[in-house]
Number of protein chains: 2
Amino acid sequence: MTDSKTPDAARPSGPAHKHGRDGKSSATIYDIAKLAGVNASTVSRALSKPGRVSPKTQKLIEDAAAELNYQVNPFARALPTGKTNTFGLIVADITNPTFFDIIRGAETTATERDYTLVLAESAESPSTELTAARRLMATVDGLILASPRMDDDNIRALARDKPVVVINREVEGVPCVVPDVHKGLSEAVRNLAANGHRKVAYVAGPPESWMSERRWEGVQAASEWSRLEAVRLESAKPTVDGGRQAARDVRASGATAVLTYNDLLAIGLMQELQAAGIAVPDQMSIVGFDDIFGADFTTPPLTTVRSPLGECGSGAAIRLLDLLLGKGEPAGTLSVETELVLRGSSGRILAAL
Amino acid sequence: MTDSKTPDAARPSGPAHKHGRDGKSSATIYDIAKLAGVNASTVSRALSKPGRVSPKTQKLIEDAAAELNYQVNPFARALPTGKTNTFGLIVADITNPTFFDIIRGAETTATERDYTLVLAESAESPSTELTAARRLMATVDGLILASPRMDDDNIRALARDKPVVVINREVEGVPCVVPDVHKGLSEAVRNLAANGHRKVAYVAGPPESWMSERRWEGVQAASEWSRLEAVRLESAKPTVDGGRQAARDVRASGATAVLTYNDLLAIGLMQELQAAGIAVPDQMSIVGFDDIFGADFTTPPLTTVRSPLGECGSGAAIRLLDLLLGKGEPAGTLSVETELVLRGSSGRILAAL
DNA sequence: CCGCTTTTGTCAACCGGTTGCCATAAATTG
DNA sequence: CAATTTATGGCAACCGGTTGACAAAAGCGG
């Protein structure tokens, strides 16, 4: 009974090196185990569950890991655990600036917490969105849906599978992060009223947009409070072009101030009105929504109700990550504040239309 | 006795279901194998290498897979193969609109080819960038670096590990996708010359920006050709604010036309000049670079040299994917054309400064 | 009808970690 | 100092696919 280690060579199981001592292909826990003279499972424990191994083997293993420049193989880890340290974000349109800040907020939070962000776009199509969501579901721990176009039932179905957080929409039974239009909108309407406006128009977004309805309700409520008349106009698309097309109806409406579903509409509307010789804000006040990148590039710069989009992105990510860690509410809405950003496109009426 | 399930428990090998007949946790190839009455490896082959199994077992297996609603487990596949069907994209700044179209182009191409895009940002920091790159390297098949800030050697080191494609910069030995400034820039300068300008200024970007130097060289070359005088000015940051700060130097330079490193600088510059009562383009012509989102929101809308950013993104993705498939050149630069977008911010000088 | 090549399916060993269970060493207690 | 806990490391069975080697089955010419 000389030594214990002898039958070593017979090792019937246990992975072997890929190319012997290849510098590139990263080291495994088996390499560390050999170098540190312990079992691979001990290495695994030392590296993942703190306190499970004694301080001195811990040190031994950490040194060996450092020396071999070890990095865990995420796939090997994901296979038995199902955890990937990754979450998905699906946006309706990558080129829509509304989503830029959401993406950034989510990405920043992800990186801070050692998660990786996987991005997908639905191209504004409910079915593409669902396909993308299902595809992502296989590889991520959770999902964030920003302004989703699919219907509530599909969202809930996804949420049954893995944690899902929704931005810019409320879905019963699913955690949501939604800007509360109230504060910003009432500031805006109050400001318009103070500037002598008596009738305001709201240019709505797409009919399937949950948020567009909330904003219209907000406009109505705030107008009532300020004793203004509010009329609702429709738009073809929530884009700059859609805003241009809406100019006709706006002029015909008799309103002296317009609130739009989003900033793109406001910008297009302003361009078209100015092209028609209508002064902004002297003859018409314009207030947008969101405060997207570029909202202050216009002349005059756009007055808008800011949605804290970055906060929505990071807030959703934080909620999702909390959910993954088992803390945090599995449903309910997180409200974030909106605020009026007063720039040059709104003010007192100085000349009649 | 009586009970059926009893001997089942002894099954020594072969993965078992997570929760028995759980509808959620997806089926494995073992389930398919059992249902189709073949071996799991046959299932694996039927599903991955076409032609390896006979048509009739193929059909059998496909039907079983469809019935069980099978989806491969990407991690289980990645573990032995190392292939993840995923690639990473690192951008310097997610909120910089220059990258929006790049991201979109890459994402679109990725989705088309059944790849998944993983996004990371370097926050303009070389070290963060390198960290992000290394982290991503573990989980992706390849990497796209858009306007990387790290130095050439680090990029080459990454490229030795896995395929890397660089956008907006040339790195010897690494495949690159770079807009060729020549065409658009010479159009721009010729147009300025035709409008009677004799002296142009170039407001440069960050010193470490490879592209800023190329653009300056292009301005010089085109100016020489058109017999214009060209002066170079520096900027603090390549942002709207940086553009505002550069206004002083621009006015002092004696130039009647300015080309800027990017559109953000141009927009800031224009804002500041206009605020100082200088008419654009009557007293000063301004030409930007890139044609970002919002470049046409300004009054007057910005004349700019458009870089086909979306094309860069998709071009880089295509090159990367080709590389992963073993086709395509392992190095060399792909040039994409730039073009002048003539809008309102440039024209003939009508009044002296 | 037989031997030989070509298909086609099975076996089993991986890929690189994780984790329940157990044996042993160490620490605590009576 | 013996008895009992408790802390620590090892063993081995997974997670769900992939793949080389091989044997059985099928096709084929002579």
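Mapping A:R77 and B:A76 onto DNA chain C via the closest heavy atom, the residue that lands nearer the 5' end is B:A76. Both A:T57 and B:T81 lie near DNA chain D, and the one whose nearest nucleotide falls closer to the 5' end is A:T57. Nearest-nucleotide positions on DNA chain C place B:G37 closer to the 5' end than the other of A:L47 and B:G37.
For D:dT8, the OP1/OP2 oxygens have no side-chain nitrogen or oxygen of A:S54 closer than 4.0 Å.
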Next item on the list: Kindly indicate, with the supporting measurements, whether the criterion salt bridge (Lys or Arg N to Asp or Glu O under 4.0 Å) is fulfilled by B:R149 and B:D93.
Entry: CA-CA 11 Å; B:R149 306 304 192 215; B:D93 177 4; over 6 Å; no
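Closest approach to the A:P80 side chain among C:dT18, D:dT18, C:dG9 is made by C:dT18 (side chain taken as heavy atoms from C-beta onward). Of the candidates C:dT19, D:dT18, C:dG17, the closest approach to any side-chain atom of B:S48 belongs to D:dT18. Side-chain proximity of A:R45 to C:dG17, C:dG20, C:dG16: nearest is C:dG20. Distance from the side chain of A:L79 is smallest to D:dC15 among D:dT8, C:dG17, D:dC15. Looking at the side chain of B:N39, the nearest of the listed nucleotides C:dG16, C:dC11, D:dG17 is C:dC11. Closest to the side chain of B:T28, from the set D:dA12, D:dG17, D:dT19, is D:dG17. Here C:dC11 is the nucleotide among C:dC11, C:dG16, D:dC11 with the atom lying nearest to any side-chain atom of B:S41.
Atom NZ in B:K34 sits about 20 Å away from atom P in C:dG9, given to the nearest Å. If you take CG of B:N73 and C1' of C:dG16, they are 14 Å apart, rounded to a whole angstrom. Separating the NZ atom of B:K56 from the P atom of D:dA25 is a distance of 13 Å, rounded to the nearest angstrom. One atom, NZ of A:K49, and another, C1' of D:dA7, lie 16 Å apart when rounded to the nearest Å. The distance from atom CZ of B:F75 to atom P of D:dT18 is 14 Å, rounded to the nearest whole Å. Distance A:I32 CD1 to D:dG10 C1': 17 Å, rounded to the nearest Å. Computed from coordinates, the A:K83 NZ to D:dG16 P distance equals 17 Å when rounded to whole Å. Following rounding to the nearest Å, B:K59 (NZ) and C:dT8 (P) show an atom-to-atom distance of 18 Å.
Partner A:V171 forms a side chain to side chain contact (heavy atoms under 4.5 Å, CB included) with one of A:N154, A:D153, A:D152 and no other, that one being A:D152.
With salt bridges taken as basic N to acidic carboxylate O contacts below 4.0 Å, one links A:D322 and A:R113.
A donor-acceptor pair shorter than 3.5 Å cannot be found between the side chains of A:E112 and A:T108. B:T333 and B:E170 share a donor-acceptor pair across their side chains, judged by distance under 3.5 Å alone.
Each end of the helix from C:dC1-D:dG30 to C:dG30-D:dC1 gets its own axis, taken as the rotation carrying the C1' atoms of four end pairs onto the next four within a five-pair window, and the two axes meet at 30° to the nearest 10 degrees.
Between the side chain of A:R52 and the base of C:dT19, no donor-acceptor pair under 3.5 Å is found. The base of C:dG17 sits with one of its N or O atoms less than 3.5 Å from a complementary donor or acceptor on the side chain of A:Y30.
Residues A:Y70 and A:D31 form no side-chain contact, since every pair of their non-hydrogen atoms from C-beta on lies 4.5 Å or further apart.
Taking each heavy atom of A:R135 and B:T111 in turn, the nearest pair found is NH2-OG1, 4.2 Å. For the residue pair A:S147 and A:A92, the shortest heavy atom distance occurs at O-CB, 4.2 Å.
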